[in-house]
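What you see is a predicted model, and the numbers here were worked out from it, not measured in a lab.
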Amino acid sequence: MLKYKFLCLNILKKRKLCRFSIIMFVIVFIFNLFILGLSNGIRIKYEKIKKDNIDHNYIMIESDKSYEDIINDLKKLDYIEQYYPVFFGENNNVIFSYLDNKLINLIDGNYAINKNDIVVSNNSGKQIGDIIEININNQLYQLKVVGIYNADNQELVINHFIEDIIYISNEFSNEIIESNNIMRVMIKTNDYINVEPLIKNINEIGGYNLTIMNTSNSEILDRYYSFYNIINTLSKFLIVFSSLLIIIVEFVIVYDNRLDIAIMKCIGYSPFKISLLMIYYSLILLTISLVPSTIIISFICFVLNEYISISIDIIVKIFIEFIAIKLIITAILYFIINKINVIKLIK
């Protein structure tokens, strides 16, 4: 390595080349960090708004069809992540349903696990251990309250559709389904943006009354979704843009050092070693460019911290892209350096 030592920082002696290369690398860094950070920030904000409005992912359908026919229709449709049958008790107009435990905001007791377990609303006036009698198809069921959920603060606000619904166990739900005593079915879409297409498809089948949540945030959600898609598409073009800028810098470095390259070839340096040296030069300049890039992007993040979110993953992703680009450039430089001839340069 001793015989290459005098070449290690040779690039820093060429101020114009250094200044041009550093500016170009700063542009590449800033654009990548800004676009990817903006994309990440918009995505996080969009997901937060969706989570805050998760009840708008649900549609309640009502029909005179049998439960089997309803499910057969639902199986034909896209965009459905889950559905929950909603049952009707013949005494006291009790309405109850099975629901995934993770969607129930339990504040006391346990979830409905055993067949006759139920979870009731904190507004129901019932206590843990109380018994509720429900008549279904002339069969009387005695259900025991084992848990109480907060109807006023649920992640899944089914109470927007039905007040004080009672949650039953999966075992009891399956038993009642066989009796076809289904009042309604609640459908969860796989994404907020697919609610409208799903409603259209259900209406095309026909025979259903639909109840949906009206959201005051629909315009905001649509705006963030569109913006996120635009930024996402732009980030793909950014890879091409970054590649072109890095390639330009590498070619300028080679062009500016073409006489030195020709001389090095004459004294025994191979094209491969010279191309590695050129890449090494660009890495030095790339490292130097990190300082102004960090200062600029930090200022941008401070000003637009509500919309930009830069994580370690984004920085790692950018470096991986740069390394991949440089590996490709190394192969290209080898053929260019191989053609440089000192005699032709002197002429």
Side-chain angles (χ1 to χ4, degrees), residues 21-58 78-82 155-156 188-198 213 215-250 282-283 285-329:
S21 302
I22 290 170
I23 290 172
M24 295 293 277
F25 283 138
V26 167
I27 291 172
V28 171
F29 265 118
I30 295 300
F31 265 88
N32 274 273
L33 286 171
F34 178 77
I35 296 298
L36 294 180
L38 184 61
S39 176
N40 191 44
I42 295 297
R43 180 189 60 79
I44 291 172
K45 201 163 186 67
Y46 175 67
E47 292 297 332
K48 183 181 183 302
I49 295 175
K50 281 206 306 180
K51 186 176 180 181
D52 292 342
N53 293 271
I54 190 171
D55 46 324
H56 303 300
N57 282 25
Y58 292 84
D78 297 323
Y79 314 127
I80 296 178
E81 181 177 315
Q82 184 61 277
E155 186 178 12
L156 169 59
K188 180 186 179 184
T189 60
N190 57 6
D191 199 302
Y192 164 79
I193 61 172
N194 294 324
V195 171
E196 289 299 326
L198 181 57
M213 288 293 302
T215 172
S216 58
N217 290 327
S218 58
E219 291 184 6
I220 298 175
L221 278 163
D222 292 339
R223 194 182 307 129
Y224 271 101
Y225 180 73
S226 300
F227 194 28
Y228 173 68
N229 280 339
I230 292 171
I231 297 298
N232 230 13
T233 303
L234 189 60
S235 65
K236 293 179 174 61
F237 286 105
L238 190 64
I239 297 174
V240 178
F241 173 75
S242 301
S243 301
L244 288 174
L245 282 185
I246 294 174
I247 288 171
I248 289 171
V249 173
E250 299 292 351
S282 68
L283 285 174
L285 298 174
L286 188 64
T287 303
I288 296 172
S289 69
L290 285 174
V291 177
S293 299
T294 302
I295 295 171
I296 295 171
I297 202 64
S298 297
F299 175 75
I300 293 173
C301 287
F302 176 77
V303 175
L304 301 174
N305 65 321
E306 188 177 349
Y307 301 101
I308 295 180
S309 177
I310 296 175
S311 63
I312 297 297
D313 292 343
I314 291 175
I315 297 173
V316 171
K317 181 181 179 182
I318 292 173
F319 272 106
I320 291 174
E321 287 178 2
F322 282 6
I323 290 171
I325 293 169
K326 285 187 173 296
L327 287 174
I328 295 171
I329 293 173

Value rounded to 0.5 Å, distance of CG in Asn194 from CD in Glu81: 11.0 Å
Between CD1 of Ile246 and CZ of Phe241, what distance do you get to the nearest 0.5 Å? 10.5 Å
Of all pairs that satisfy side chain to side chain donor-acceptor pair (under 3.5 Å), the ones with a partner from residues 22-36, not counting sequence neighbours: Asn32-Ser242
Who are the side chain to side chain contact (heavy atoms under 4.5 Å, CB included) partners of Leu244, not counting sequence neighbours? Val240
Roughly how far, to the nearest 0.5 Å, is CD1 of Ile30 from CD1 of Ile295? 10.0 Å
How long is the gap from CD1 on Ile35 to CG on Leu234, to the nearest 0.5 Å? 4.5 Å
Side-chain donor or acceptor of Thr287 paired with backbone N/O of Leu283 under 3.5 Å: yes
Could you point out which residue of Val249, Leu245, Leu33 forms a side chain to side chain contact (heavy atoms under 4.5 Å, CB included) with Val28? Leu245
Shortest non-hydrogen pair, Ile231 vs Ser39, comes out as CG2-CB, 3.3 Å
Determine the sole option in Ile297, Leu286, Ile296 for which the side chain to side chain contact (heavy atoms under 4.5 Å, CB included) test with Phe29 is passed. Leu286
